Structures are given as structure tokens and as C-alpha cells.
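Nothing here was measured: the structure is a model prediction, and the numbers come from that model. Note that ligands are numbered from 1 as they come in the structure, with each ligand's atoms numbered from 1 the same way.
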Amino acid sequence: MSAIVTKFGGTSLADAEKFKQVAEIIKADPDRRYVVVSAPGKRFKGDFKITDMFYLCYEKAVSGENIDVLFDEISGRYREIISELGLSISVDRELDRIRNGMYNMTGRDYAASRGEYLNAIILSAYLGYDFIDAREVVFFNNDGSFNAEYTNDVMSARLKRHERAVFPGFYGAMPNGTIKTFSRGGSDITGSIVARAANARLYENWTDVSGFLMADPRIVDNPKVINTITYRELRELSYMGATVLHEDSIFPVQIAGIPINIKNTDRPEDRGTMIVAETPDYDTKNVITGIAGRKGFTAINISKDLMNVEVGFGRKVLGVLEKKNISFEHLPSGIDTMSVIVKSAEISGKLDYVLNGIQQEVCPDSISVEDDIALIAVVGRAMVKSKGTAAKVFKAIAEANINVKMIDQGSDELNIIIGIEDKDFEIAQRAIYSEFIKD
Ligand code: ADP
Ligand code: ASP
Ligand code: MG
């Protein structure tokens, strides 16, 4: 029997009612044998995600504040789920251990990971599935990178012993056994890791929207659902802000050629979005697959006469960033100018060092810094086959009276990226969306 791996996000497991919906979905197909869970998310507008509460709890404990009220609130949410599901299990011992862990400073990642840990224990009891702790099957290297092959070996061997199991997402173990998490939203990656190890025929990612939408629904009103998207397009859009699926979650399934299906827990009958390696079909009418964007970038603009003939100029500039472990996002350049676009959060506190370093290394004629830059990515596999896409993007931007600060097109013609001011972020996305999507 070929397995389906299902992953349920935080809103899909926010309370007991949601647990019941999730169990119904799982039981509706006997192939849904392996389940990955996030921590309980928001139940209503203004509510808190358990992961955020655990982070806060840890910060309070570290700074010596009393965590009792907050910890009781977290415990209360789990106890309520257990009692409303009518389960006879108790997580009191685990909660005591976690509370002690906070005071003993067992680590920020350990604290955050407990949200998924407890949720997986509860769902496994409710479903009658085995519980497999991610710390026993997901591994990181000493430098903090994910150890994909070792994880796959251990996880596949382990799955052979379990017909049906629930895993907590988001975390794994360092070589010394301490807990480490992926970045935020990382339960999507765990789902993909389990799908690869199980050699699943499908990885279903259940969330609170009916698929990957052509734009962020919090910015564009009622965007269309993308029917089919390739792994590479998805990575471009996720990296650039379409947070519905973590951008790194494609790697494990890509190796094994397993498709991902994004589905809506509240509307299981909706088809959702299929994410595949390649697809012959593309939207000839709309050309683009989707739009996404992120705020919070900084541009360092450098100019120097005859930069074009100064061999090694770019390397010297990037070498300064490398010394401070800062990665760059884009590098648009002219004959005598070059800009380096970096995440503002990454360069924060290091800007003076970088500017002085560049000054010393390449002696520019001028160097200036622009903050509050937003990047918008327009992504589509059909772009390479059609003309006029860039023209349409810029027409939309110009008509919305927005000043473009940077333009970049990936060498594979899969995306066009524009840099604008933060303040124009929402308007620009709406303008581009309505330029391409006419009905
Ligand atoms: P989960 O808790 O299930 O992992 P997330 O909150 O991580 O869910 O992701 C789903 C949310 O992603 C949606 O509710 C939506 O607000 C947001 N989102 C942003 N961009 C997109 C997009 N292009 N398509 C769908 N959802 C998007
Ligand atoms: N609970 C974690 C977070 O809030 C991981 C996840 O939901 O995927 O980021
Ligand atoms: Mg998510």
C-alpha cells in the first residue's frame, strides 16, 4: 500500500473541534498513514499561536520574570483539547518537565518545539496511531544545517516498524542530542522529509486556504487559486513571501519526485494546488503563475568611474559582506554603478563596518544607503515562452504612480523582481495582479 503523508498546520489544529475535522480527513483515506503536525495556531482573530507563547515564555524565564500565568495559559489550551476530545491521557508530566526546562534554560529551540511535541502526542492518542518523536528521526549537523541523508536513512528504517504514526513537525536533534528547530513555518519541511522516507505517492499539506493563491489574500482581494505549480516556481514565491508553504520544503520531495497537494481543512472537497516537478500545461491567458513580495530590504549603492574595467571590484565588495556573514539578495549593476540588496535585519548593527570596509577595499566615488525597500516577485514558467510580460509589469507600476528602484530577471526567465519603496508594497501587488488577471 502506497502511503500518503499529511501535514496539518496550526490553524487546522487550533482546538478540539479542529482536531475532530482533522481526524475525519485522515480516516477518510486509509492511505493517510503518516501525519505531521504543527503546534496549535490562532483560534480567532487576536488569539495567540502556541509557538509564539512558548517563545515568550522562554524569554521571560531567561530574564528572570515569572512565567506562571503564561505557562498556565499554554497548559490550559492543551488540557482543554484533551478533555473536549474525551481522551483519558494526561500531559501533566510532560508539562512539568517543560516548565522546568524553561527555568533550566534548556534552550530557545527546545521551548518552541514543545508546541508540536505535545500536539503530536494528543493527536496520536486520538487517532490510535503511534507517536514518533522527531528528535529520534530528524537530524542536524554541528553547523546547524539539516543532515538530509542520515535523516532519510534513520527515518525510513523507523517507518518500516510503524504502520501508522504521528510526528511533531518543526524540530529535530543536534549531534549532541539537544533540540534544534527549522526556521518558522518549518513543520512543512518535516512533512516533506517524512514523505521522502515513506516513499509516499503524495504529500498533502493541509492549511486554512484552498491552495496556493496567485497573490497574498491579505493584500489582494480574493486571488485565484493556482491549479498546478512547479517546485521551482513555488520556491521563488515562498522565498519571496508567499508563506503558505516553507520555501525549503520542496527539497526532500523533489529528490523523490513526490507531488505536494495544498488542501483546505475547512473545505476538503476543494481540489487545492498540485506542486509537481514539471508540467506541460501553463496558463497561456494569464502568463504569470503568481505574485509575492517581502518588505525590509536595504540597498547599498556604490558608484565609481571606470568600475567596469576594475577587475575584482564585485568580489572585493562581496568579501566585506562575507566577513560579517551577510548574504546578498540581488546585485543590479550598471557600467560605473553597483547596488547590493540585503535583508535589513541581516545588516542591522553591521552597517558601519560594511560601509567602512567597502570604502577601504574599493575607494568608491560615492556610496549611499537606502532603507525601506520592498521586493516583489512576478513568477511564471510561461514567461520564457511569451513576450511582453515585463512591459505589462512596468505598465501596471507606472500607472499606479510607483517609482521602481531596482529590476532583476532570473537567468532562467522564471521571475521578474522589482524593488520599490516599502510604502508602495500593497498598491504595487494589487496593480500587477489586476493588470494580468482580467476576470
Ligand atoms: P499553516 O498554519 O496551515 O501552516 P500558514 O499560516 O503558514 O498556515 O499559511 C497559510 C496562510 O498563508 C494563509 O492563511 C494566507 O494568509 C497566507 N498566504 C500568503 N501568501 C499566500 C498565497 N500566495 N497563497 C495562499 N496563502 C497565502
Ligand atoms: N509552529 C511553528 C511556527 O509557528 C512551525 C510551523 O507552524 O510550521 O513557526
Ligand atoms: Mg505554515
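- Comment: R99 engages D72 in a salt bridge, judged by a side-chain N to carboxylate O separation of less than 4.0 angstrom.
- In the vicinity of S38, heavy-atom distances shorter than 4.0 Å reach the ligand 2 atoms 6 (C), 7 (O), 8 (O).
- Taking atom 9 (O) of ligand 1 as the reference point, the nearest protein heavy-atom neighbour is V244 CA, 3.5 Å.
- Within a 4.0 Å radius of atom 6 (O) of ligand 1, the protein contributes no non-hydrogen atoms.
- Short contacts between ligand 1 and G211, defined as distances under 4.0 Å to a heavy atom of the residue, involve ligand atoms 25 (C).
- The proximity of M214 to ligand 1, defined as any non-hydrogen pair under 4.0 Å, does not occur for either the backbone or the side chain.
- Atom numbering of ligand 2 starts at 1 in the shown order; those under 4.0 Å from a heavy atom of R184 are 3 (C), 4 (O), 9 (O).
- Within the 4.0 Å heavy-atom shell around ligand 1 one finds A215.
- Under 4.0 Å from ligand 2, not a single heavy atom of H246 appears.
- Not a single heavy atom of G169 sits closer than 4.0 Å to an atom of ligand 2.
- Donor-acceptor pairing under 3.5 Å is lacking for the side chains of Y58 and D109.
- Using a cut-off of 4.0 Å between Lys/Arg side-chain N and Asp/Glu carboxylate O, R77 and D15 are scored as not salt-bridged.
- For K7, the closest heavy-atom approach to ligand 1 falls below 4.0 Å.
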